[in-house]
Q: 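The structure follows.
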Amino acid sequence: MTSTVEPQDLRIGMFIHLDGGWMSHPFPLSSFKIASTEQIETIRSLGLKRVRWSPERSDLPVEATAAAGEGPPDEAPGEAPTPDEDPAVRARRQAEARAEAEAAALRVCERQYHEACRDLRRINESIGGEPERAREAAQALSRALLEKMLVDGELCVRVLGEPAGDRHSAHAINVTVIALLLARSLNLPEPEMAELGTGALLHDMGKLDLPDRVRLPHEDFTHAEASLYRDHVAHGITQGRRMGLAPGALLVIAQHHELADGSGFPKGATAERMSFGARVVSLVNHYDNLCNAASPAKSLTPHEALSRMFAQSRAKFDAPILNGFIRMMGIYPPGSLVQLSDDRYAMVTSVNSARPLKPHVKVHDPARGGRSLHLNLEECPDLGIRRSLKPSQLPARAAEILAPRQRVAYFFDVSAKPAPEEHA
């Protein structure tokens with residue numbers, strides 16, 4: 001149950017919901033418990049007439065709750081075990097709480113991801129007729145993503161459910177999110193991150209001028225089709241100049257297919273001639289194209305993609321950036337299918353960028369009737385990952401429960417905890 005309150009009546013401890021979409025405010029989540037007077041002042045500055053809040057999830061004195069027009073908050077069920085609670089019942093309750101927390105965090109990320117894809121589609125639709133407006137909107141989207149990332153504490157990278165909508169927007173948001181997270185981990189200054197983000201959002205906008213047949217690279221391209229496909233970079237530069245993009249963003253668009261060893265296109269530039277932002281986006285763009293190939297049958301799992309880049313193609317990427325990427329994503333990036341050291345099958349659901357070797361996993365657990373179980377491997381010192389798997393190597397029941405993705409989509413969490421208190 002929720003109610004509404006005027007902004008001047010907000011209090012520390014209230015669990016509020018900001019209903020304007022995640023770009024309409026600077027907070028990492030749209031629903032959270034107010035923790036400071038500074039947050040209250042920020043909310044009041046948004047110009048809202050009423051703010052929705054949940055009394056039962058708030059932490060207020062009884063008199064303050066009553067003053068806000070509600071009765072005392074209900075006691076949250078099952079938060080603390082009773083002294084005589086059966087250990088098996090407690091373990092089941094805690095497992096259910098972890099599963100619900102994971103599901104809630106996933107819903108937050110998926111909603112924000114779809115909102116970002118929607119906003120990018122609108123930007124792409126306005127590039128031709130309103131280039132300056134498109135630039136302002138792209139810069140705003142880049143800043144909004146940055147504001148969610150540039151917070152105290154740790155971030156984790158989360159794999160989402162099967163992405164809906166057009167591939168162009170999904171790819172661009174994937175590349176932008178991972179590139180910004182990587183740039184953050186490498187301590188790139190904020191102004192440069194903002195230009196990198198704008199360039200990453202628009203890196204493939206030159207494809208909007210191409211026929212559908214050549215928007216995605218195919219091995220059976222004719223020479224003419226391959227040449228036309230490569231022309232999307234030049235088209236993107238032309239559009240970027242019409243939009244009045246900043247130099248850093250233009251360089252990302254111009255060089256996102258260049259490679260450190262000079263084997264890329266259109267100019268065959270080496271790492272020394274590429275901007276730092278372009279080197280980041282080139283690597284992430286390559287990774288996403290391996291995970292989400294034009295033909296789904298040729299897509300690699302995230303672990304396979306990362307392994308190939310390191311083992312077979314490392315010369316194509318800036319070494320410190322590639323090493324930073326592996327540190328951030330872990331050996332088994334989100335979306336990887338694995339077998340645990342106790343032989344159970346699992347999918348990596350999220351990786352804490354500060355502790356990538358101990359990810360969160362969704363486990364197919366035959367002991368629980370084949371249902372899934374969410375585990376934070378950091379809390380399981382005797383449990384680890386034995387090996388990576390292809391989807392075809394999963395038993396039928398495990399594949400049904402784990403539901404491996406045909407297309408991989410990523411977003412990020414601002415909390416590294418497996419059971420965060422905030423939900424959207």
Q: Got a sec, which residues hit ring-ring contact (aromatic ring centres under 6.0 Å, His included) with Y332, two or more places apart in sequence or on another chain?
A: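 For Y332, the residues satisfying ring-ring contact (aromatic ring centres under 6.0 Å, His included) (neighbours in sequence not counted) are H303.
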Q: Roughly how far, to the nearest 0.5 Å, is the CD1 atom of I173 from the CZ atom of R118?
A: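 Between atom CZ of R118 and atom CD1 of I173 there are 11.0 Å.
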Q: Quick one, L208 and I127 - any side-chain contact, counting heavy atoms below 4.5 Å?
A: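 When only atoms from C-beta onward are counted, I127 and L208 do touch, with a gap below 4.5 Å.
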Q: For D166 and S169, does a side-chain donor sit closer than 3.5 Å to a side-chain acceptor?
A: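 The criterion, which ignores hydrogens and geometry beyond distance, is satisfied for S169 and D166.
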Q: Rounded to the nearest 0.5 Å, what separation is found between the CE atom of M193 and the CG atom of L181?
A: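 M193 atom CE to L181 atom CG measures 8.0 Å (nearest 0.5 Å).
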Q: Please tabulate, for the side chains in residues 235-254, all donor-acceptor contacts under 3.5 angstrom to protein atoms that are two or more places apart in sequence or on a different chain.
A:
residue: T238; atom: OG1; partner: A234; partner atom: O; Å: 3.1
residue: Q239; atom: OE1; partner: R242; partner atom: NH1; Å: 2.7
residue: R242; atom: NH2; partner: G128; partner atom: O; Å: 3.2

Q: Which pairs pass ring-ring contact (aromatic ring centres under 6.0 Å, His included) with one or both residues in residues 172-217, sequence neighbours excluded?
A: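 Sorted result for residues 172-217: H171-H203, H203-H256.
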Q: Would you say the ring centers of Y287 and F325 fall short of 6.0 Å from each other?
A: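 Yes, the ring centres sit under 6.0 Å apart.
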Q: Under the ring-ring contact (aromatic ring centres under 6.0 Å, His included) definition, can you give me all pairs with a residue in residues 172-198, not counting sequence neighbours?
A: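 Found none.
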Q: Could you tell me the separation between the CD atom of Q139 and the CG atom of L201, rounded to the nearest 0.5 Å?
A: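 Spacing of CD (Q139) from CG (L201) equals 10.5 Å.
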Q: Measuring from atom CD of E41 to atom CG of L10, what distance do you get when rounded to the nearest 0.5 angstrom?
A: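 Rounded to the nearest 0.5 Å, the CD-CG separation comes to 10.0 Å.
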Q: Can you name the ring-ring contact (aromatic ring centres under 6.0 Å, His included) partners of Y410, sequence neighbours left out?
A: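 If we apply the ring-ring contact (aromatic ring centres under 6.0 Å, His included) test to Y410, skipping adjacent residues, there are no hits.
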Q: Who passes side-chain hydrogen bond (donor to acceptor under 3.5 Å, both in side chains) against K362, sequence neighbours left out?
A: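 Partners of K362 by the side-chain hydrogen bond (donor to acceptor under 3.5 Å, both in side chains) criterion come out as none, since no residue qualifies.
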Q: Under 6.0 Å between the ring centres of F32 and H17?
A: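 Between H17 and F32, which both carry aromatic rings, the centre distance is not below 6.0 Å.
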Q: So, R143 and E190, do they make that salt bridge, N to O below 4.0 Å?
A: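 A salt bridge is absent here (no side-chain N lies under 4.0 Å from a carboxylate O).
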Q: To the nearest 0.5 angstrom, please state how far the CD1 atom of I321 sits from the CE atom of M274.
A: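 If I round to the nearest 0.5 Å, the distance is 8.0 Å.
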Q: Is the shortest heavy-atom distance from the side chain of L337 to the side chain of P391 under 4.5 Å?
A: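 Heavy-atom side-chain distance check passes, below 4.5 Å.
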Q: Just jot down the side-chain contact (heavy atoms from CB on, under 4.5 Å) partners of A294, sequence neighbours excluded, or say none.
A: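 L216, H218.
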Q: Apply side-chain hydrogen bond (donor to acceptor under 3.5 Å, both in side chains) to R122 and list each qualifying residue two or more places apart in sequence or on a separate chain.
A: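 If we apply the side-chain hydrogen bond (donor to acceptor under 3.5 Å, both in side chains) test to R122, skipping adjacent residues, there are no hits.
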Q: Using the ring-ring contact (aromatic ring centres under 6.0 Å, His included) rule, collect all pairs that involve residues 265-284, keeping only residues at least two apart or in two chains.
A: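 Qualifying pairs: H257-F265.
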Q: Just grab all the side chain to side chain donor-acceptor pair (under 3.5 Å) pairs involving residues 390-402, residues at least two apart or on different chains.
A: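 For residues 390-402: E304-K390, R397-E400.
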Q: Could you check whether any side-chain heavy atom of L146 comes within less than 4.5 Å of a side-chain heavy atom of L180, counting everything from C-beta outward?
A: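 Result yes, sub-4.5 Å side-chain heavy-atom pair found.
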Q: Under 4.5 Å between any side-chain heavy atoms of R386 and L340, yes or no?
A: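 A side-chain contact is absent here, since even the closest heavy-atom pair is not under 4.5 Å.
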Q: Can you name the side-chain hydrogen bond (donor to acceptor under 3.5 Å, both in side chains) partners of D209, sequence neighbours left out?
A: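 Counting only residues at least two positions away or on another chain, D209 forms no side-chain hydrogen bond (donor to acceptor under 3.5 Å, both in side chains).
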Q: Got a second to check how far N174's CG is from N292's CG, nearest 0.5 Å?
A: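 Interatomic distance, N174 CG to N292 CG, rounded to 0.5 Å: 6.0 Å.
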Q: Answer yes or no: is there a side-chain heavy-atom contact under 4.5 Å between F411 and E110?
A: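 Of all side-chain heavy-atom pairs linking E110 with F411, none is under 4.5 Å.
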Q: Among residues at least two apart in sequence or on other chains, which ones pass side-chain hydrogen bond (donor to acceptor under 3.5 Å, both in side chains) with R52?
A: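 side-chain hydrogen bond (donor to acceptor under 3.5 Å, both in side chains) check on R52 returns D19.
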Q: Is any side-chain heavy atom of V361 closer than 4.5 Å to one of H374?
A: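 The answer is no; the side chains never approach within 4.5 Å.
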Q: Is the shortest heavy-atom distance from the side chain of I34 to the side chain of I43 under 4.5 Å?
A: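 Yes. Closest side-chain heavy atoms under 4.5 Å.
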Q: I'd like to check L394 versus L389 (side-chain heavy atoms, cut-off strictly below 4.5 Å). Are they in contact?
A: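 Of all side-chain heavy-atom pairs linking L389 with L394, at least one is under 4.5 Å.
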Q: Is a side-chain donor-acceptor pair under 3.5 Å present for K33 with S58?
A: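 No, K33 and S58 have no side-chain donor paired with an acceptor closer than 3.5 Å.
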